[in-house]
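What follows is a single structure, written as structure tokens, with notes after it.
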Amino acid sequence: MDSQYLAQLNESQRAAATHLDGPLLVVAGPGSGKTRVITCRIAHMIASGISPANIIALTFTNKAAQEMRSRLEQLVGPSQVWLGTFHGFCVRLLRRYARLVGLPEHFNIYDADDALALLKEAVKASDFELTHAPIGVLANRISYFKNRLVTPEILESATLSSDEYQVGQVYPFYQQALLRCGAVDFDDILMHTATLLRSNQELRQQLDERFRYVLVDEYQDTNLAQYVIVRHLCVDHPNLAATGDPDQSIYGWRGANVKNVAHLERDYPDLTVVRLQDNYRSTPEILTIADCLIQNNENRKPKELLAARQPGNPVRLAIYPTARAEAEDVADQIVALTEQGDFHPKDFGILYRTNAHSRLIEHALLRRQIEYQLIGGFRFFLRKEIKDLLAYLLLVHNPEDGIALQRAINTPPRGIGKKTVEQIASYAGKHGLSLLDACRQCVQFAMLSKRATTSLKSFLSIYDQLCSIVHGPLLDLLQVTIELTGYREHLSKQKTSGEESSDIATNLDELLAEASELDREVREDQSALEYFLEVAALQADTDKLKSDRNVVTLMTLHAAKGLEFSCVYVLAVEENILPHARSKEDSQQLEEERRLLFVGITRAKDQLQLSYAKSRGFSGQGSGVPSSFLMELPRSEMQILDKTESSYDEYHDDDSQDQYFDRRPVEWDEVSQVGPEEQGDLAVQFDEDCQLPPEEITASMRKRLGRSASGRAILRVGSDFEASPPRMNMALFQKGCLVSHPEFGSGEITATSGHGPKKSATIRFFSSGDSRTFRLSHVSLTIEHPE
DNA sequence: ACTCGTAGCCTTTTT
DNA sequence: GGCTACGAGT
């Protein structure tokens with residue numbers, strides 16, 4: 001029975017899965033069967049007599065938790081194992097022990113919008129001018145503080161750089177405001193929990209005892225707060241099993257600290273480390289590319305990716321004239337591949353750096369009537385109509401919630417304007433009242449205009465009626481809210497196009513459906529309302545991703561972590577986009593960007609295309625410069641699809657959807673030889689006479705990057721190693737040399753560094769004036785002899 | 001108090 | 001290209 005599922009595991013997987021007591025670190029490369037190991041391990045633990053109630057497994061996303069739960073259920077059926085996200089777990093704890101950290105039990109959870117609104121108020125209240133930092137930056141800084149457990153109190157006694165000074169001034173005000181509203185933001189959820197565990201020994205011991213076996217997934221993405229939480233749960237029972245991959249650490253900007261992985265060895269000297277290096281997901285071609293890329297990270301322990309699969313297709317690097325062409329071609333490819341019947345829509349994942357990049361590809365897919373699901377962007381619960389209604393529920397749940405009140409008080413518009421709210425707020429401030437109580441007193445003492453008083457009365461009456469049914473079914477509560485507020489009438493009055501209003505109606509229905517579903521699944525000891533609000537606050541959009549829908553998936557690289565697709569397209573691999581412009585100053589951040597691309601690449605099972613466009617529609621960004629990461633990839637191992645020199649208009653004519661076929665005259669297997677007309681074009685000139693020390697020659701030099709005169713797509717595969725490997729004298733590339741780069745044109749070498757296969761040259765290009773550094777073994781340079 | 005128009009601002013990535 | 005915040009008009 002035990003052996004049934006253990007037998008499916010390889011040796012190291014089994015070692016990890018059968019480890020019971022004591023600290024364990026599983027370093028699991030992409031596609032190495034990590035989730036399977038975790039679920040098998042839990043199953044094994046239960047089979048070995050460990051009570052499921054003593055086991056907790058923490059993930060970052062609900063999606064990951066669900067995946068794990070369903071796979072565990074396949075093995076052992078429903079169990080009492082605590083399986084959930086960090087945030088979900090922490091909220092549960094905080095609900096129970098709210099008072100220990102100074103929170104009301106019915107605290108509300110603020111999403112980014114609410115938190116930002118509150119921060120704005122706090123900034124106003126603090127009387128500091130924000131001439132320099134935009135509010136968003138401020139919010140990020142505060143978030144960063146919180147993730148590192150820097151409380152306002154600590155901040156007081158700290159010396160701040162001028163950069164941090166402003167944040168230091170505003171942060172305490174913001175935190176006070178949250179407290180007054182009886183609310184927490186996302187970061188508070190972790191920070192308060194860490195505080196709770198740190199300052200309550202007894203409770204800590206209790207929980208340590210209760211959760212004797214702790215599993216943490218994606219450990220490389222834990223921040224200090226999460227580290228502290230986990231650490232405090234694993235003192236008396238140090239049975240912590242962390243799984244992760246430092247190469248997939250992509251949340252440093254959110255305070256995640258890869259060093260937490262290394263700290264495990266410090267904290268637990270008897271740590272058992274298991275490495276899962278066999279990759280069952282991707283073809284060797286894809287893994288080679290991934291490996292070449294990630295090796296460029298200096299700050300990294302070498303790690304191998306061992307391909308378990310048979311060779312497949314080469315990875316493709318596609319170059320497009322415009323972002324539009326990129327989108328259209330990718331869509332064409334998907335049409336072609338699905339029509340051939342080899343792939344289904346659900347096999348495709350289209351990944352990009354920022355949400356904004358989804359637009360063009362969405363258009364392209366829409367026009368071809370390819371169904372897709374877009375992950376990220378705006379979440380369901382962030383929609384205006386949803387938030388409007390939720391504001392009432394939040395207020396009913398927690399009367400202190402000033403942000404919710406301000407949203408609800410005049411939606412739908414009932415004549416309570418800014419001015420009135422200001423008066424109420426100032427009255428509340430003076431008397432130390434919540435906004436809601438201030439409202440009541442203002443009505444009672446008739447302190448406002450008659451009109452405002454009447455409106456306020458009706459608002460308060462709605463509120464009171466809702467409160468009276470708060471313990472009933474959630475569905476009723478929502479429906480009564482809609483009725484009493486006249487929300488539907490309000491919507492129909494709005495001048496929205498038919499399409500939009502039907503969208504909104506659908507959203508409302510969906511909300512009601514969700515509510516009635518929660519009514520059914522809510523546990524006895526829990527308030528349906530509270531549960532609902534938690535779900536609304538903590539459910540990310542990625543969680544709604546449904547792998548059973550047979551549609552193409554679009555999402556950011558971040559959201560793609562943990563997923564896999566047969567065919568992956570990574571769009572806009574361009575300088576200032578994939579190494580994002582804002583991450584280039586700092587080498588740490590740059591490496592994180594590299595890991596991000598690594599994550600993208602390793603999502604692919606069978607086919608992978610990386611692409612960039614020479615021009616990308618809107619202003620400034622991504623001026624068509626390929627990502628420096630692409631320079632780190634061996635062209636010899638890739639297929640180049642260059643669509644830049646063809647006439648895009650011609651290609652783009654309406655009924656030209658077969659263009660993709662037309663322009664792939666060369667099949668995968670036929671591409672080893674170079675046509676005669678192209679030989680003169682060979683990008684690399686070889687000096688046959690020159691004797692080289694062997695280390696000056698690398699396999700990667702045996703490459704050919706070709707492009708036909710007509711500019712038609714030329715496919716090259718560098719597997720023809722036997723075909724007289726040409727030798728190039730790297731010594732020829734010296735400072736002052738004039739060279740030509742296949743993608744950037746002519747330039748001058750301004751510096752060289754390194755030796756042997758690592759030798760690289762810095763080139764200043766004449767056209768752009770930019771300097772870039774290339775590893776010579778990875779780039780095809782032509783030496784230009786000035787005649 | 002609300003609606004409509006425009007100018008300036010953006011733009012990472014997410015629980 | 002898209003949204004938001006702010007301002008003038010009703």
Side-chain angles (χ1 to χ4, degrees), chain A residues 58-65 84-91 109-113 115-117 120 134-137 139-140 143-144 146-147 184-191 193 218 221-223 225-226 249-256 323-324 351-360 363 375-379 381-382 384 410-421 449 451-452 455 493-495 534-543 555-561 572 576-584 589 592-593 595-597 599-600 616-622:
Chain A
L58 295 173
T59 64
F60 280 80
T61 64
N62 294 299
K63 160 93 181 147
T85 63
F86 265 103
H87 285 80
F89 170 67
C90 291
V91 167
I109 301 168
Y110 279 0
D111 62 40
D113 278 0
L116 208 63
K120 279 177 193 163
I135 193 86
V137 172
N140 281 339
S143 165
Y144 197 74
K146 289 187 173 183
N147 286 320
V184 298
D185 63 20
F186 285 138
D187 306 311
D188 281 344
I189 292 173
L190 300 177
M191 188 170 77
T193 306
E218 307 282 14
D221 285 330
T222 50
N223 57 34
Q226 287 158 328
S249 155
I250 54 175
Y251 285 102
W253 51 273
R254 205 168 78 187
R324 176 104 193 254
L351 313 179
Y352 36 79
R353 178 63 232 268
T354 71
N355 284 307
H357 292 133
S358 68
R359 280 222 349 273
L360 287 170
H363 276 280
I375 310 300
F378 22 79
R379 294 191 241 165
F381 285 108
L382 292 184
K384 187 180 177 303
N410 203 30
T411 37
R414 54 170 73 85
I416 305 174
K418 210 169 117 188
K419 208 116 185 249
T420 310
V421 174
S449 69
R451 177 187 155 137
S455 302
K493 259 189 284 174
Q494 307 234 301
K495 55 101 225 183
E534 270 171 34
V535 169
L538 296 179
Q539 194 168 76
D541 206 50
T542 6
D543 305 330
M555 65 181 131
T556 63
L557 288 160
H558 281 90
K561 193 169 68 162
N576 294 337
I577 292 181
L578 191 31
H580 194 272
R582 289 202 45 193
S583 63
K584 292 210 300 185
Q589 287 182 43
E592 180 156 312
E593 297 282 307
R595 290 193 291 269
L596 196 52
L597 180 55
V599 167
R616 191 161 294 276
F618 33 104
S619 54
Q621 307 293 37

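Letters A, B, ... are given to chains in the order of the sequence lines, protein chains preceding strands, and every chain is numbered from 1.
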Looking only at non-hydrogen atoms, find the nearest pair between Ile416(A) and Ser455(A) and report the distance.
-> CG1-CB, 3.6 Å
Under 4.0 Å between any heavy atoms, over every strand shown, what does Thr420(A) touch: base, sugar-phosphate, or nothing? Just pick one.
-> sugar-phosphate
Closest to the 5' end of DNA chain B, once Arg254(A) and Lys419(A) are matched to their nearest nucleotides, is Lys419(A)
dT15(B) phosphate, OP1 or OP2, under 4.0 Å from Asn223(A) side-chain N/O | no
So what does Asp187(A) hit on the nucleic acid, given a heavy-atom distance under 4.0 Å: a base, only sugar-phosphate, or nothing?
-> nothing
Verify, without hydrogens or angle tests, whether Thr193(A) (side chain) and Ile189(A) (backbone) share a donor-acceptor contact under 3.5 angstrom.
-> yes
Nearest-angstrom distance from the residue atom CG of Asp185(A) to C1' of dT14(B) = 13 Å
Mind listing the closest non-hydrogen atom pair of His558(A) and Leu596(A) along with its distance?
-> CE1-CD2, 3.5 Å
His580(A) has a side chain; which of dA1(B), dT13(B), dT11(B) sits nearest to it?
-> dT11(B)
Any Asn355(A) side-chain nitrogen or oxygen under 4.0 Å from OP1 or OP2 of dT14(B) | yes
Nearest-0.5 Å distance, CD1 of residue Ile250(A) to CD of residue Glu593(A) = 10.0 Å
Donor-acceptor under 3.5 Å (Thr222(A) side chain, Glu218(A) main chain) = no
Think Lys120(A) has a side-chain N or O under 4.0 angstrom from the OP1 or OP2 of dA5(C)?
-> yes
Under the criteria of a ring-centre distance below 5.5 Å and an interplanar angle below 30°, is Trp253(A) stacked with the base of dT13(B)?
-> yes
Rounded to the nearest Å, what distance is computed from the CZ atom of residue Arg582(A) to the C1' atom of nucleotide dC10(B)?
-> 12 Å
Select one nucleotide: of dG2(C), dT15(B), dT13(B), the one nearest the side-chain heavy atoms of Thr354(A).
-> dT13(B)
Provide, to the nearest angstrom, the distance between the CG atom belonging to Leu360(A) and the P atom belonging to dT11(B).
-> 20 Å
From the list dT13(B), dT15(B), dC2(B), which nucleotide is the closest neighbour of the side chain of Pro413(A)?
-> dC2(B)
Scanning both residues in full, the closest heavy-atom pair of Leu557(A) with Val599(A) reads O-CG1, 4.2 Å
Grab the CD-P distance between Glu593(A) and dT13(B) for me, whole Å please.
-> 11 Å
Rounded distance (Å) that lies between atom C1' of dT13(B) and atom NE2 of His558(A) | 4 Å
Between Leu557(A) (CG) and dT14(B) (P), how many Å, whole number?
-> 10 Å
Contact class for Phe86(A) (heavy atom, under 4.0 Å): base, sugar-phosphate, or nothing?
-> nothing
Contact under 4.0 Å: Ser583(A) side-chain N or O vs dT13(B) OP1/OP2 | no
Taken in chain and number order and not counting sequence neighbours, the residues that satisfy ring-ring contact (aromatic ring centres under 6.0 Å, His included) with Tyr110(A) are none
note: His363(A), atom NE2; dG2(C), atom C1'; distance rounded to Å ~ 12 Å
How many Å lie between CG on Asp113(A) and P on dT15(B), as a whole number?
-> 14 Å
Dot-bracket, DNA chain B: Watson-Crick or G-U, under 3.5 angstrom, [ ] crossing, | other strand?
-> |||||||||......
Ring-ring centroid check His580(A) Trp253(A), cutoff 6.0 Å = no
